[in-house]
Peer 1: 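Structure in structure tokens, see below.
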Amino acid sequence: MKKLYYSIFDTKVVNKTRQFEIDMAKVVLMFFLPFVHLTGECINDLSKGLPYFFDSIIGGPFGAPVFMFTIGFGLVYARKNSPRDLSIHAIRVGIAGIILNIFRYLIPSLIGYAITHNREYYLDTLLNKMFESDILQFAFLAIIAIALMIKFKFRHYVMLLVGIGCSIVGNLPFIKGLDTGNDLLNMVLGYFIGTANKDETIYSTFPLLNWLIIPIIGYVFTRYWIKVKNKDLFYLVVSPISAIIGLIYIFYGVANGRGMFAEGEYCYYHLRLDDAIASMFVLFAMLGLYHVLGKVFSKGIKNFVMGASKVLTSYYCIHYFFVCMSVYVFIFPFGPPHGKDIMEEGKDFISMPWVLALSAIIVVATGIVTHFYRKVREADIFLSRIRFR
């Protein structure tokens with residue numbers, strides 16, 4: 001075992017530059033984001049077929065856990081990675097989350113309400129949407145938490161124990177799905193624990209305790225991974241085992257409605273520890289596949305992948321603006337059936353083929369806008385200081 005370890009790892013940092021398999025994981029996630037989020041917004045029954053595939057499988061272990069992992073990964077590779085620098089970065093991410101909510105929820109909702117005057121759809125949950133514990137808000141808190149652990153020189157195993165402990169506490173029966181009876185208090189606590197109202201129609205998304213384990217795994221994994229000198233052997237050892245565990249987890253979870261595959265959205269958003277760990281096995285399996293693809297892809301494709309992956313957070317924000325503008329301003333007010341029928345009869349906003357077509361358009365549009373945003377940001381002295389990536 002010791003011989004195998006030293007065949008894989010060096011005693012010094014080897015992987016100092018961008019790594020294709022990580023970049024590839026980001027780009028695959030970027031491609032599927034519009035499909036996942038538009039499906040969730042437009043399709044009423046997400047329990048079977050393509051809607052289930054995008055919402056629960058692609059949007060499950062292949063979705064947010066990848067984003068969360070890259071948070072921890074990025075902290076290791078950050079040019080400035082002192083606790084103070086990471087805290088400043090966290091604040092920027094938090095500001096990005098506020099700006100995103102204004103553009104994806106507030107503006108489209110006000111426009112949609114002006115068109116339809118449908119208070120139930122546009123205004124009743126707007127406050128919760130504006131201040132929900134979404135992925136960028138989580139990233140802000142997670143980076144602060146990891147920065148504190150770095151400042152106080154936590155050993156890697158202690159960091160992992162903290163993440164495990166947080167997950168266990170976040171999933172205690174009297175904490176998970178907690179309803180205080182006060183929407184504002186639910187909202188505030190929802191940044192840290194999984195809150196939900198009595199009928200589970202309003203719930204916190206990505207609470208810190210439930211999800212912190214994943215960026216911690218990303219950080220600790222990367223601290224060792226940067227010393228991998230033989231990546232072929234590393235993935236030959238890690239990825240097949242991870243693939244077996246990951247596939248068993250997915251098939252068993254789907255067949256039995258277990259964990260993040262159970263009925264109800266908050267079963268996913270209030271992630272369990274076993275779901276988090278299994279999702280990492282899925283990711284490690286995919287990284288092995290992406291490593292192999294990196295050997296056969298042309299230089300042009302690899303350059304595209306590495307360039308695109310640099311703007312994951314910007315892409316995330318822009319694609320969500322397009323998704324919400326499409327749904328709130330055009331589809332809900334004008335699409336068949338009309339808004340009132342949708343609310344009363346639980347119909348789909350648009351059919352799944354239209355979801356697929358529109359998602360593909362949003363992928364292209366988001367890529368174009370993100371590209372030009374990056375060019376403008378790099379050219380402008382003020383914008384160059386606003387780094388969302």
Peer 1: Distance-only, no hydrogens or angles: does the S279 side chain make a donor-acceptor pair with backbone N or O of G60 under 3.5 Å?
Peer 2: no

Peer 1: Distance alone, cut at 3.5 Å: any donor-acceptor contact between the side chains of N128 and T125?
Peer 2: no

Peer 1: Okay, side chain of Y268, backbone of G59: is any donor-acceptor separation there less than 3.5 Å?
Peer 2: yes

Peer 1: Should L356 and F54 count as side-chain neighbours, where that means a heavy-atom distance under 4.5 Å?
Peer 2: yes

Peer 1: With rounding to the nearest 0.5 angstrom, report the CD1 to OG1 distance, I214 to T70.
Peer 2: 10.5 Å

Peer 1: Verify the ring-centre separation between F261 and Y252: is it less than 6.0 angstrom?
Peer 2: no

Peer 1: Between F322 and V363, is any pair of side-chain heavy atoms under 4.5 Å apart?
Peer 2: no

Peer 1: Heavy-atom distance under 4.5 Å between the side chains of M30 and H319, does that happen here?
Peer 2: no

Peer 1: For side-chain contact (heavy atoms from CB on, under 4.5 Å), just list the numbers for N81 and V76, CA-CA rounded to whole Å, side-chain angles, deciding distance to a tenth of an Å, and then say yes or no.
Peer 2: CA-CA 7 Å; N81 56 11; V76 177; 5.9 Å; no

Peer 1: How many angstroms lie between CD1 in I164 and OH in Y157, if you round to the nearest 0.5 Å?
Peer 2: 13.0 Å

Peer 1: When rounded to the nearest 0.5 angstrom, what is the spacing between CZ in R374 and OH in Y315?
Peer 2: 15.0 Å

Peer 1: Shared ILVMFWY cluster between F206 and I98, side chains joined below 4.5 angstrom?
Peer 2: yes

Peer 1: If you compare all heavy atoms of L209 against all heavy atoms of G170, which two are closest, and at what distance to 0.1 Å?
Peer 2: CB-CA, 4.1 Å

Peer 1: Measuring only between side-chain heavy atoms, which start at C-beta, is P65 closer than 4.5 Å to L283?
Peer 2: no

Peer 1: In terms of side-chain heavy atoms, does N186 have a donor or acceptor partner in D179 at a distance below 3.5 Å?
Peer 2: yes

Peer 1: Step by step, would you call F62 with V28 a side-chain contact (heavy atoms from CB on, under 4.5 Å)?
Peer 2: CA-CA 9 Å; F62 295 96; V28 171; over 6 Å; no

Peer 1: Testing the basics here: between V282 and P61, what is the closest heavy-atom pair and its distance to 0.1 Å?
Peer 2: CG2-CB, 4.4 Å

Peer 1: Can you measure from OG1 (T116) to CD1 (I111) and round to the nearest 0.5 angstrom?
Peer 2: 12.0 Å

Peer 1: Decide if atom CZ of R84 counts as having more than 12 heavy atoms of other residues, nucleotides or ligands within a radius under 6.0 Å.
Peer 2: no

Peer 1: Within the distance-only criterion (no hydrogens, no angle test), does the side chain of W211 pair as donor or acceptor with the backbone N or O of Y269 below 3.5 angstrom?
Peer 2: yes

Peer 1: If you round to the nearest 0.5 Å, how far is CD1 of I241 from CG of L236?
Peer 2: 9.5 Å

Peer 1: Could you give the distance from CD1 (I58) to OH (Y52), rounded to the nearest 0.5 Å?
Peer 2: 12.0 Å

Peer 1: May I ask whether V220 and V158 are part of the same hydrophobic cluster, defined by side-chain heavy atoms of I, L, V, M, F, W, Y residues being less than 4.5 angstrom apart, directly or through others?
Peer 2: yes

Peer 1: Applying a strict under-4.5 Å side-chain criterion to I, L, V, M, F, W and Y, I'd like to know whether L161 and I146 cluster together.
Peer 2: yes

Peer 1: Take D134 and K129 through the test side-chain contact (heavy atoms from CB on, under 4.5 Å) and record every step on the way to the result.
Peer 2: CA-CA 9 Å; D134 200 10; K129 289 179 178 178; over 6 Å; no

Peer 1: What are the two closest non-hydrogen atoms of A25 and V66, and how far apart are they?
Peer 2: O-CG1, 4.0 Å

Peer 1: Should the pair H270 and Y266 be assigned to parallel (<30°), tilted (30 to 60°) or perpendicular (>60°) ring geometry?
Peer 2: perpendicular

Peer 1: Under 6.0 Å between ring centres, would you say that holds for Y121 and F349?
Peer 2: yes

Peer 1: Does F154 have more than 12 heavy atoms from other residues, nucleotides or ligands lying within 6.0 Å of its CZ?
Peer 2: yes

Peer 1: Please find out if less than 6.0 Å separates the ring center of F73 from that of Y219.
Peer 2: no

Peer 1: Any non-hydrogen side-chain atom of C42 less than 4.5 Å from a side-chain atom of W354?
Peer 2: no

Peer 1: Examine distances only and state if a side-chain atom of D275 and a backbone atom of G259 form a donor-acceptor pair shorter than 3.5 Å.
Peer 2: no

Peer 1: Please report the shortest heavy-atom distance between P51 and M352, naming the atom on each side.
Peer 2: CG-SD, 3.9 Å

Peer 1: Going by heavy atoms in the side chains, are F140 and I91 under 4.5 Å from each other?
Peer 2: yes

Peer 1: Over 60° means perpendicular and under 30° means parallel, so classify the ring planes of Y320 and H37, tilted if in between.
Peer 2: parallel

Peer 1: Between K231 and W225, is there a side-chain heavy-atom distance shorter than 4.5 Å?
Peer 2: yes

Peer 1: With a 3.5 Å distance limit and no angle check, can you tell me whether D55 reaches the backbone of T39 through a side-chain donor-acceptor pair?
Peer 2: no

Peer 1: Identify the two heavy atoms, one from N44 and one from D348, that lie closest to each other, and give their separation to 0.1 Å.
Peer 2: N-OD1, 2.7 Å

Peer 1: Applying the 4.5 Å side-chain criterion to the ILVMFWY set and letting contacts propagate, would V364 and L33 be lumped into a single cluster?
Peer 2: no

Peer 1: Work out which heavy atom in L29 is nearest to a heavy atom in G63; give both atom names and the distance.
Peer 2: CD1-O, 3.8 Å

Peer 1: Would Y224 and H156 count as a close aromatic pair, with their ring centres under 6.0 Å?
Peer 2: yes

Peer 1: Determine yes or no for a side-chain-to-main-chain donor-acceptor pair under 3.5 angstrom, with S167 supplying the side chain and G163 the backbone.
Peer 2: no

Peer 1: Kindly say whether the aromatic ring centers of F281 and Y249 come within a distance under 6.0 Å.
Peer 2: no

Peer 1: Does the pair F297 and M24 meet the rule for a side-chain contact (heavy atoms from CB on, under 4.5 Å), with working shown?
Peer 2: CA-CA 11 Å; F297 280 170; M24 187 69 185; 3.9 Å; yes

Peer 1: Indicate yes or no for a side-chain donor-acceptor contact from T370 to the backbone of G367 under 3.5 Å, with no hydrogens or angles considered.
Peer 2: no

Peer 1: Sub-3.5 Å donor-acceptor pair from the side chain of S239 to the main-chain atoms of M286, do we have one?
Peer 2: no

Peer 1: Taking atom CZ of F330 as the centre, report whether more than 12 heavy atoms of other residues, nucleotides or ligands fall under 6.0 Å from it.
Peer 2: no

Peer 1: Looking only at atom types and distance, does a side-chain atom of Y191 sit under 3.5 Å from a main-chain N or O of F131, one as donor and one as acceptor?
Peer 2: yes

Peer 1: Return yes if some donor-acceptor pair links the side-chain N/O of N171 with the main-chain N/O of N210 below 3.5 Å, else return no.
Peer 2: no

Peer 1: Does any part of the side chain of T11, heavy atoms only, come nearer than 4.5 Å to the side chain of K227, both counted from C-beta?
Peer 2: no

Peer 1: If hydrophobic clusters are built from ILVMFWY residues whose side chains come within less than 4.5 Å, do I99 and M130 share one?
Peer 2: yes

